[in-house]
Number of protein chains: 2
Amino acid sequence: MLSLHQLRCFLATYEHGSLTAAAEELGYAQPSVSEQVRALEKTLGVPLFRRVGRGVVPTTLADTLRPYAEQAIAASEEARRAVQSAVSLESGTIRFGMFGAARLYAGAQIVADVLERYPGVRVELIGQHSNEVQEQLRRGHLEAALIAATSVESEGMTVTPVARDELVYISADPSRLRSPVTAARLARASLIMPETTWRSSDSVRILLRRFLHEAGHNPQTRIEVEEAEISVDLVGRGLGDSVIPRAAAEQLVPRLAPNVGWVSLRPKQYDVMAIVHRRGAVLSPAAQVLIEIATRHIRSIAEPV
Amino acid sequence: MLSLHQLRCFLATYEHGSLTAAAEELGYAQPSVSEQVRALEKTLGVPLFRRVGRGVVPTTLADTLRPYAEQAIAASEEARRAVQSAVSLESGTIRFGMFGAARLYAGAQIVADVLERYPGVRVELIGQHSNEVQEQLRRGHLEAALIAATSVESEGMTVTPVARDELVYISADPSRLRSPVTAARLARASLIMPETTWRSSDSVRILLRRFLHEAGHNPQTRIEVEEAEISVDLVGRGLGDSVIPRAAAEQLVPRLAPNVGWVSLRPKQYDVMAIVHRRGAVLSPAAQVLIEIATRHIRSIAEPV
DNA sequence: CGAAAGCATAGGAATCTCCTTGGGAAGCCG
DNA sequence: CGGCTTCCCAAGGAGATTCCTATGCTTTCG
């Protein structure tokens with residue numbers, strides 16, 4: 001089988017026209033290089049050098065081989081460099097999981113920050129929703145992620161809470177925003193909720209469900225949509241009210257539905273944002289960088305835990 | 001040190017997302033592939049796969065590495081193909097030595113014949129003069145050559161006579177062409193000779209020198225030029241006469257000096273054309289092809305030995 | 001002709017490669 | 001939940017490869 005080592009010996013010999021000189025350049029003894037070149041000739045089944053007097057002379061087949069050998073060697077060296085620079089974050093990809101809502105109001109800024117610090121890097125923010133992200137983590141497709149975690153424990157995962165964000169009740173009707181919304185009032189409200197697909201595991205839903213249950217009520221929604229933006233838009237049109245994290249409200253409401261206001265729940269409810277990764281995993285520099293930046297960001301727009 | 005084998009294992013693993021599947025594809029046992037991948041990770045100093053549950057998942061560094069690995073592998077495979085196709089004369093270079101005069105009247109046709117049979121190859125006809133060619137042979141820069149050999153022996157070389165070409169006396173004066181030229185007459189002639197640079201070792205010169213010496217004369221030339229064409233041209237202008245191989249005369253005279261005629265020497269003298277290569281050398285298919293074609297050609301325009 | 005240069009060969013130590021066997025963790029299924 | 005399968009890692013050993021030193025042979029050069 002062809003090997004890079006053989007090609008390296010071949011090229012050095014070709015360039016110097018001498019096995020001895022090639023050996024010196026490569027830091028080997030002369031017979032070693034001789035052996036490698038002979039092995040290459042054997043695997044290719046052709047003579048590459050004529051042994052003539054003292055010295056060796058490349059055949060035309062060696063001329064034919066040379067450019068390919070150079071390309072293979074070059075590719076292997078570039079591979080080294082590329083990987084090294086990816087490690088040092090001069091290039092390469094940082095892949096990080098992030099749930100939908102966080103992407104909405106922090107994603108862009110996080111990407112911008114990473115790029116400012118590491119201009120050569122590619123950034124991928126993966127995942128629509130924290131549960132999907134958690135699944136990818138479990139499967140190893142993601143190294144780490146920022147998720148909205150209902151509980152701070154998760155099997156086989158290390159979860160590090162970063163910040164909490166209050167859930168607020170949003171409505172286009174100012175009369176409903178005069179005082180904090182209790183479970184009783186929430187149970188009577190006509191709710192528009194996003195994340196339909198994840199309805200059973202979405203952390204906001206879980207919080208609300210618990211909130212209502214504890215007061216003896218059952219949750220009920222009027223309208224189910226997929227995107228948080230759409231639910232805010234619908235709330236703006238007066239078709240119902242909703243409950244979303246405050247940071248999301250601050251981000252989406254002015255843009256999509258300026259007539260909408262918000263008020264706390266009573267008692268206040270908090271969605272916890274956490275960094276999560278496989279237990280015992282060694283995080284790459286890239287992941288560590290993104291964790292650091294994401295953490296700082298989330299803390300700047302939400303309350304510390 | 002990076003090796004192609006490691007890269008092959010890496011790529012197979014990357015593509016299958018599994019060491020076991022990669023091993024099956026490559027025809028190895030699973031631990032072997034595992035070891036290669038681990039060795040690659042060690043030499044690069046970075047993790048390429050995350051071992052997660054069952055299966056392995058490429059890291060972003062693996063993504064970074066992959067295109068380079070593919071390029072290196074592809075280059076090595078193309079190297080194989082290129083060399084094979086050069087061996088089978090679908091491509092590659094045929095390099096062959098040939099002395100000046102033969103190039104004049106057979107070179108073009110030989111190249112044309114080779115290209116007709118092997119459309120993909122490059123042809124290089126090397127060498128101005130048989131002595132220069134012989135030197136390149138000795139140094140191993142040429143595999144084989146067609147030379148004008150005075151003697152059929154040459155140190156360390158195998159010389160195979162192919163054809164002989166009679167030397168003829170050419171002149172613009174018909175009176176000097178009525179009968180074959182003897183040594184005595186030649187000694188009195190005003191000669192224009194080509195190949196000045198090689199005057200001491202040119203085969204025609206050597207033949208003439210011997211021819212004259214045996215009759216007790218000394219050779220003397222009136223005009224020395226480098227190119228056979230120029231000497232013929234000068235003969236046509238009546239500035240002197242010359243001695244050249246008959247095939248050269250047949251080729252050059254009608255074109256350059258139609259008023260020139262030729263006559264044999266007495267006794268007739270022959271320049272011998274021969275294939276020569278290093279003693280004991282195994283000739284490549286390319287060289288054999290060219291030898292065959294050149295031999296056929298020379299025989300068609302000169303006498304067999 | 002002797003000295004130097006340069007490749008080939010030989011033999012041995014160290015390393016690598018690749019296998020087989022066995023163990024453990026994770027997922028799958030009844 | 002418990003057994004079964006899958007897939008990876010670890011260990012050990014046989015065989016091949018690599019790489020060295022020492023040496024011999026041929027060519028070249030003074």
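Here is how names work: the chains are called A, B, and so on, in the same order as the sequence lines, proteins then strands, and each is numbered from 1. Predicted, not measured: the structure shown is a model, and the values here were computed from it.
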d(NZ, B/Lys42; C1', C/dC16) in whole Å: 12 Å
Candidate nucleotides C/dT17, C/dC7, D/dC8, ranked by approach to the side chain of A/Arg51 - the nearest: C/dC7
Sugar-phosphate only, base, or nothing, as touched by A/Gln30 at under 4.0 Å among non-hydrogen atoms: base
Nearest-angstrom distance from the residue atom CZ of B/Arg8 to P of C/dT17: 12 Å
A/Tyr28 ring center within less than 6.0 Å of A/His5 ring center: yes
A/Glu24 CD: over 12 foreign heavy atoms closer than 6.0 Å: no
Nucleotide D/dC9, atom P - distance to CZ of B/Arg50 in whole Å: 14 Å
Under 4.0 Å protein heavy-atom contact, by nucleotide of nucleotides 10-15 of chain C - B base, S sugar-phosphate only: ------
salt_bridge(A/Glu41, A/Arg51) N-O dist < 4.0 Å: yes
Sugar-phosphate, base or nothing in reach of B/Ser32, heavy atoms under 4.0 Å: base
Length of the OH-P vector between B/Tyr28 and C/dC16, whole Å: 17 Å
Whole angstrom value for the distance that separates P of C/dT17 from CZ of B/Arg38: 13 Å
Polar contact flag, side-chain donor to acceptor under 3.5 angstrom, B/Ser284-B/Glu143: yes
5' priority, DNA chain C, between B/Gly27 and A/Thr20 [closest heavy atom]: A/Thr20
Pair B/Ser85, B/Arg81: side-chain N/O donor-acceptor within cut-off below 3.5 Å: no
Donor-acceptor side-chain pairing of B/His16 and B/Glu25 below 3.5 angstrom: yes
Rounded distance (Å) that lies between atom C1' of C/dA8 and atom CG of A/Leu19: 10 Å
